[in-house]
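First up is the structure itself, then whatever we jot down about it.
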Number of protein chains: 2
Amino acid sequence: MKVLIVEDDPLHRSYLHEAVSAALPECETVIEAENGLSGEKLARDHKSAHIVMDLQMATRNGIEAARTIWKERPETRILFWSNYSDEAYVRGVSRIVPDGAAYGYVLKSASDERLKLALRSIFVESQCVIDREIRGVQQKSLGQTNGFTDSEYEILVDIALGLTDRAIARRRNLSLRSVQNRLQQLYDKLDVYQSTGEDSEDARFNLRTRAVTTALLRKLLNYSALEKAEADLQEWLTNL
Amino acid sequence: MKVLIVEDDPLHRSYLHEAVSAALPECETVIEAENGLSGEKLARDHKSAHIVMDLQMATRNGIEAARTIWKERPETRILFWSNYSDEAYVRGVSRIVPDGAAYGYVLKSASDERLKLALRSIFVESQCVIDREIRGVQQKSLGQTNGFTDSEYEILVDIALGLTDRAIARRRNLSLRSVQNRLQQLYDKLDVYQSTGEDSEDARFNLRTRAVTTALLRKLLNYSALEKAEADLQEWLTNL
DNA sequence: CGAGAAGTTGCGGGTTCACGCAAGACGCGG
DNA sequence: CCGCGTCTTGCGTGAACCCGCAACTTCTCG
């Protein structure tokens, strides 16, 4: 058995290395990559390897790397190991996991025990292991109770990028009015209507910007999601 | 000599502990705190301690903690140890350092050597040590070449929070028009005027939102700055 | 002291937004 | 087939926003 570790913090990397060796005595090779790009490359070179992947890396983040790896070999088992349970990450991951693939999501704050257990479950038993805390976020995100539909999320991203209503309409092939409808849905869900001036009369926020910030503060959106969205946007722009 | 380590990642904490012991044999006590709040408390209990402080902690970030610590004892020596060189952090730090205080700013990616040298320089020699990389950001931020004046930064934060022009005017005691002037300065500096539809006619961004996102992507603003600004805003709101 | 740079404020107008109202369009169980 | 909910679209209005123009106030510096 081979395990590939993709993690940019050297301390965490060596910690993982140890944890893997301890939890999986049957693992004869441990390979390390210190960013998403070299992670992808090493994954290509070592077809059979299981992967432990950090999200949030400087040059190429975990979600992107995982996506290209899974594209080439969908049965790859990947354990995501992250500091954060941002909805943006959870959504990002569950968006890219192939049908039936075994994967896991464990927080860095989890105990040694939890981590080792997860390593065995997913790499040996092919089970999916998702931290309890993450599950909560996942529920909220997928079940529509408090969460977002894809179209709402899409618009959120679009306004975050600073597109005008008209530009969004063009990009998503909608009428102007439909875009605005979706915006209102979004505003409702984000509860952006609190007053600014307390009891006085006018007292409202700039809904557009407020929505973005609220989403950021609630971690429905985060830096790396924005970064990716911006890249997509630039691509779309150059393609007429 | 006593050293207080404030850092929420246990791995980094123990790494720091070792580094401190190795670099400062004259240090007889090393204390650890795993978030900003308990860091403040321990700093109060151990008046003479020097501090190594992480920025970016969950419950109370390093800048906040440092501010209250310096407020109580301005001559405290603090070495900031951070993953990021975001302008938002650098600006945040240099905003709170008391006159004449000895402090340092070292990136986590720095070598062992650099870290130990910084530890000795600041705690023993009372020198300021700022990573080369940080210095660059600082220059850019303080010198107005490419950077922001305080008033521009202020407005950036205000629109990021989702305030309307009118609300900003009230908050900052300005006329509506002045607010809009500052906004235009900001738009200029952030270079927000690129077209959206390429050669075609309309093709502009929603400047307001675009400015915020651009700032985020350029790390002039980041999550923790937003968080703090939001808290300030709420406070201001309740005070009529 | 006077020229000039920098910042503040009012006015006016063109544009974009937020959103109520209402008329189709599509899907789905009865 | 019909009724009902969800989604899309058009029209129209009032508010907010972006910004050019121009008169004033400070400040600074020679």
Side-chain angles (χ1 to χ4, degrees), chain A residues 143-145 147-197 200-215, chain B residues 143-145 147-197 200-215:
Chain A
Q144 52 272 65
T145 326
F148 282 58
T149 61
D150 282 343
S151 65
E152 284 157 355
Y153 183 76
E154 205 173 59
I155 278 227
L156 170 59
V157 172
D158 284 342
I159 60 167
L161 288 173
L163 295 177
T164 64
D165 291 7
R166 177 144 51 254
I168 300 176
R170 263 211 309 277
R171 177 133 109 121
R172 305 300 182 188
N173 286 319
L174 289 172
S175 73
L176 230 189
R177 193 55 181 86
S178 293
V179 170
Q180 296 173 327
N181 272 342
R182 277 149 129 98
L183 275 177
Q184 274 170 256
Q185 274 178 261
L186 185 69
Y187 296 155
D188 279 347
K189 291 222 181 163
L190 287 175
D191 189 28
V192 143
Y193 294 94
Q194 314 144 32
S195 60
T196 294
S200 82
E201 8 56 42
D202 65 313
R204 280 241 287 314
F205 280 110
N206 174 317
L207 299 178
R208 205 161 249 259
T209 332
R210 184 64 182 169
V212 175
T213 310
T214 305
Chain B
Q144 52 272 63
T145 324
F148 283 59
T149 61
D150 281 342
S151 66
E152 284 157 355
Y153 183 77
E154 204 173 60
I155 264 232
L156 170 59
V157 171
D158 283 343
I159 61 167
L161 287 173
L163 295 176
T164 63
D165 292 5
R166 176 142 51 250
I168 299 175
R170 263 211 309 276
R171 176 132 110 121
R172 306 298 182 191
N173 287 319
L174 289 171
S175 73
L176 230 188
R177 192 57 181 86
S178 294
V179 170
Q180 296 173 330
N181 273 344
R182 276 147 129 100
L183 275 177
Q184 274 170 253
Q185 275 178 262
L186 184 70
Y187 296 154
D188 279 347
K189 291 222 181 161
L190 287 175
D191 188 28
V192 143
Y193 294 94
Q194 313 143 32
S195 60
T196 293
S200 84
E201 6 58 44
D202 65 315
R204 280 240 288 312
F205 280 110
N206 175 316
L207 299 178
R208 205 162 249 258
T209 332
R210 184 64 183 169
V212 175
T213 309
T214 305

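Predicted model, so just to flag it, every value in this text is computed and none were measured. Each chain gets a letter, A, B and so on, in the order the sequences are listed, and its residues count up from 1.
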Could you state the [atom1]-[atom2] distance from [X] to [N], rounded to the nearest angstrom?
{"X": "A/Leu174", "N": "D/dG10", "atom1": "CG", "atom2": "C1'", "result": "14 Å"}
{"X": "A/Leu183", "N": "C/dC17", "atom1": "CG", "atom2": "P", "result": "9 Å"}
{"X": "B/Asn181", "N": "C/dC11", "atom1": "CG", "atom2": "P", "result": "15 Å"}
{"X": "B/Gln185", "N": "D/dC18", "atom1": "CD", "atom2": "C1'", "result": "15 Å"}
{"X": "A/Leu186", "N": "C/dC17", "atom1": "CG", "atom2": "C1'", "result": "14 Å"}
{"X": "B/Ile155", "N": "D/dC17", "atom1": "CD1", "atom2": "P", "result": "11 Å"}
{"X": "A/Arg166", "N": "C/dC17", "atom1": "CZ", "atom2": "P", "result": "8 Å"}
{"X": "B/Gln180", "N": "C/dG12", "atom1": "CD", "atom2": "C1'", "result": "12 Å"}

_Between A/Arg182 and A/Glu152 (salt bridge meaning N to carboxylate O under 4.0 Å), is one present in this structure?_
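Judged by the 4.0 Å cut-off on N to carboxylate O distance, A/Arg182 and A/Glu152 do not form a salt bridge.
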
Using a strict threshold of under 4.0 Å (side-chain N to carboxylate O), is an ion pair present between A/Arg172 and A/Glu154?
yes

Quick check on [N]: is either OP1 or OP2 less than 4.0 Å from any side-chain nitrogen or oxygen of [X]?
{"X": "A/Asn206", "N": "D/dA16", "answer": "no"}
{"X": "B/Gln184", "N": "D/dG20", "answer": "yes"}
{"X": "A/Ser178", "N": "D/dT8", "answer": "no"}
{"X": "B/Tyr187", "N": "D/dC17", "answer": "no"}

- What do the steps show when you test A/Leu207 against A/Leu190 for side chain to side chain contact (heavy atoms under 4.5 Å, CB included), and what is the final call? CA-CA 10 Å; A/Leu207 299 178; A/Leu190 287 175; over 6 Å; no

The nucleotide from C/dT9, C/dA18, D/dC19 with an atom nearest the side chain of A/Arg204 is C/dA18

Exercise. Choosing from C/dA18, D/dC18, C/dC19, which nucleotide comes nearest the side chain of B/Leu207?
Worked result: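 Ranking C/dA18, D/dC18, C/dC19 by closest atom to the B/Leu207 side chain puts D/dC18 first.
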
**OP:** Under 4.0 Å between any heavy atoms, over every strand shown, what does B/Arg172 touch: base, sugar-phosphate, or nothing? Just pick one.
**Re:** nothing

Q: Measure the spacing between OG1 of B/Thr213 and CG of A/Leu161 and express it to the nearest 0.5 Å.
A: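 It comes to 6.0 Å.
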
Checklist entry - If you take all heavy atoms of A/Leu163 and B/Asn206, which pair is closest and at what distance? => result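 Heavy atoms of A/Leu163 and B/Asn206 come nearest at O-CB, 3.9 Å.
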
(message) I'd like to know if A/Arg177 reaches the base of D/dG12 with its side chain such that a donor and an acceptor end up less than 3.5 angstrom apart.
(response) no

